[in-house]
Amino acid sequence: MSVQSCPECAADVAFAAPPELNEIIECGECAGELEVVSVDPLIIAVAPEAEEDWGE
Amino acid sequence: MIRAAIVGGAGYIGGELLRLLLGHPEVEVVASTSARLAGRRVDGSHPNLRGLTDLVHSSPDALPDCDAVFFASSGLDDPAQRAALASRAKLVFDLSADLRLTDPALFAKHYGAHPTPDLLGTATRGLPEVDRAALRTANLVSVPGCMATAGILGLRPLVEFIDGPVTVDGRVGSSGSGASAGEMNLHAERANVLRVFAPLGHRHQAEISQATGLTVRMTATGVDAVRGVQVLCRTQVRAGVTETDIRKAYRAAYADEPFVRVVAQKRGNYRLPEPKILLGSNFCDVGFALDADTRELLVVGALDNLVKGGSGNAVQSLNIRMGWDERLGLGFPGLHPV
């Protein structure tokens with residue numbers, strides 16, 4: 001099992017299955033959405049917020 | 001299996017003790033006393049217990065010898081009777097405010113002169129997250145107040161970061177006023193209120209100060225709820241303190257605690273501690289928000305005033321004292337939606 005530190009709150013974030021690139025996971029402590037930006041080495045980052053384009 | 005009795009079993013705290021202890025696998029409830037309702041069935045005062053017990057409230061004078069007695073009401077008006085009742089059991093758990101403060105002068109300031117001040121300082125505080133080691137051998141336990149518990153659990157791990165006084169804004173449901181009907185508790189007077197009943201110097205500030213060493217000022221407001229406590233604690237932190245520092249401190253204090261959860265989330269409907277989802281449970285949720293630029297820290301604590309704020313803390317303390325699993329009888333997780 002891979003364990004990374006949440007970039008938002010530093011809590012441990014565990015992957016039960018092998019992580020996949022661009023996979024979105026949720027931190028159990030701060031509930032922040034995190035994105036797998038690299039698999040080897042494993043790197044996670046705060047996922048970008050969905051932005052509202054107001055139909056433009 | 002131990003034999004337990006409740007003094008003042010007709011009130012709301014007494015009712016919660018009965019609910020928890022009747023479901024406890026290692027406890028037999030042998031008596032519930034009520035001077036007002038002696039001879040009346042317990043499930044008359046606590047209808048949620050119908051079918052679970054045939055117990056009848058007894059006169060305090062008829063309290064039998066037992067292993068543990070829980071005081072769910074104050075004994076200050078008759079210290080001799082209180083002493084006689086306490087002598088019926090080896091273990092005494094006092095859920096009233098009678099023994100919470102150790103300084104007689106401070107007690108007098110908030111509650112009036114104590115009739116037996118020598119008792120102050122003789123009890124072990126019944127807050128398992130802070131007092132677990134002492135509770136293992138304690139024969140006299142004083143359970144903290146509900147808002148004090150939420151404030152202490154929220155603030156204590158962060159004491160080293162705090163720079164200055166703490167202003168606590170406590171909000172509490174109507175059951176915090178007890179089961180004695182006064183005019184202020186008539187539905188017509190109580191419904192829909194946001195009543196600032198203690199604008200300054202609420203008595204629980206003394207308990208929070210005693211447990212944390214912080215200077216605490218406290219306001220309390222009655223809100224339109226039956227159960228539940230939420231405290232907002234505002235203060236300043238030292239320069240350089242970060243959100244990560246605070247989260248690490250909470251993790252160090254509570255990662256292994258069965259009944260304290262850190263709730264400070266980035267999304268969802270319940271981002272900070274909210275009593276609504278804790279009703280009936282023994283959880284205390286603590287959370288925070290930090291403005292690193294202004295060094296302003298808001299700590300939030302929430303719990304059910306009748307459970308973690310009283311009866312649940314007492315039962316958890318009993319479990320520790322007896323060497324049982326702390327969670328025995330306290331497994332209810334709360335309801336959602338409610």
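The sequence lines fix the lettering, A, B, ..., with proteins before strands; numbering per chain opens at 1.
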Participant: Looking only at heavy atoms and a cut-off of under 4.5 Å, which of Ala10(A), Cys9(A), Gly32(A) has the most pairs with chain B?
Facilitator: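 Highest number of pairs under 4.5 Å: Cys9(A).
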Participant: Report the distance from atom NZ of Lys266(B) to atom CD of Glu33(A), rounding to the nearest 0.5 Å.
Facilitator: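 It comes to 13.0 Å.
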Participant: Which pair of non-hydrogen atoms, one from Gln265(B) and one from Gly28(A), has the smallest distance, and what is that distance?
Facilitator: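 Smallest heavy-atom distance, with atoms named: NE2-O, 3.8 Å.
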Participant: Looking at every non-hydrogen atom in both residues, tell me the closest pair between Arg247(B) and Cys30(A) and how far apart they are.
Facilitator: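 Smallest interatomic distance, heavy atoms only, reads NH2-CB, 3.6 Å.
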Participant: Above 12 or not: heavy atoms from other molecules or residues under 6.0 Å from CZ of Arg327(B)?
Facilitator: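 Not buried by this count: 12 neighbours or fewer within 6.0 Å.
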Participant: Does Arg251(B) come within less than 4.0 Å of Glu29(A), counting only side-chain N to carboxylate O?
Facilitator: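 A salt bridge is present here (some side-chain N lies under 4.0 Å from a carboxylate O).
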